[in-house]
Amino acid sequence: MPRSDEAEAFFFAVYSAVREIPYGKVTTYGHIAKLVGTPQRPRQVGICLKHLPEDPDVRYNHDNVPWQRVINSKGIISPRSQPSGARNQAAALQAEGVEVTTGALGELSVDFAEFGWFPEILPSEEGEGTPNGED
DNA sequence: GTATTGACGATGT
DNA sequence: CACATCGCCAATA
């Protein structure tokens, strides 16, 4: 649980944005950060997913948030402390039909040209307002 | 209470 | 193109 209410709002915003990623598609932490209005904090997006609760009782949990569809800007699954985790994420993506290629160094990369999700700034994402207001 | 790390990204060298 | 540094800030030690 986040330390402050403001941080909690950030967590929810991130989870909400991640849920918008369509099945079989992927996006980056930086992109999510932009969507929630804080492009300077891609790391915190990672923190949100890292602390994504597994309890199905919680509003956003490991079951209803497609955390697996979030990768880094380099187009590869971010290698974290536990290698199994990244490998697990790769498996989850492959289960959605996403082709994950393993590099010589064990890098699990996803072809963004094929599976990348490049949406416009989604309106009413978390209640911030329309990006261009109205054209 | 302070120090270090980390599921990132942009810049600088 | 590879590696180093800064910013960002919550979580952990």
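Proteins come first, then strands; the chains are lettered A, B, ... in the order of their sequence lines, and each starts at number 1. Below, each value reflects all heavy atoms present in this structure, side chains not excepted, and no hydrogens, waters or symmetry copies.
- A:Ser73 has its side chain out of reach of A:Tyr29: every pair of non-hydrogen atoms, C-beta onward, lies at least 4.5 Å apart.
- A:Tyr23 is not connected to A:Val70 by any chain of hydrophobic side-chain contacts under 4.5 Å among Ile, Leu, Val, Met, Phe, Trp and Tyr, and they are in different clusters.
- Atom CG of A:Asp111 is surrounded by more than 12 heavy atoms from other residues, nucleotides or ligands within 6.0 Å.
- Centroid-to-centroid, the aromatic rings of A:Tyr60 and A:Phe11 stay 6.0 Å apart or farther.
- A salt bridge is defined here as a Lys NZ or Arg NE, NH1 or NH2 lying under 4.0 Å from an Asp or Glu carboxylate O, and A:Glu96 with A:Arg69 meets this definition.
- For the segment residues 97-112 of chain A, the set of residues with a heavy atom within less than 4.0 Å of an atom of DNA chain B is empty.
- Nucleotides C:dC8 and B:dG1 place their C1' atoms 22 Å apart, quoted to the nearest Å.
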Practice task
Could you run through nucleotides 6-13 of chain B and give me one letter per nucleotide, 5' to 3': B if any protein heavy atom sits under 4.0 Å from the base, S if only the sugar-phosphate is that close, - if neither?
Solution key: BBBS----
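- Annotation: C:dA2 and B:dA7 have their P atoms spaced 22 Å apart (nearest Å).
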Going by atom type alone, with no hydrogens or angles, which donor-acceptor pairs under 3.5 Å involve a side-chain atom of residues 38-47 of chain A and a protein atom two or more places apart or on another chain?
none

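- Residue A:Gln94 qualifies as enclosed at atom CD: its count of foreign heavy atoms under 6.0 Å is above 12.
- Looking only at distances, no side-chain donor or acceptor of A:Gln68 sits under 3.5 Å from a matching main-chain atom of A:Gln89.
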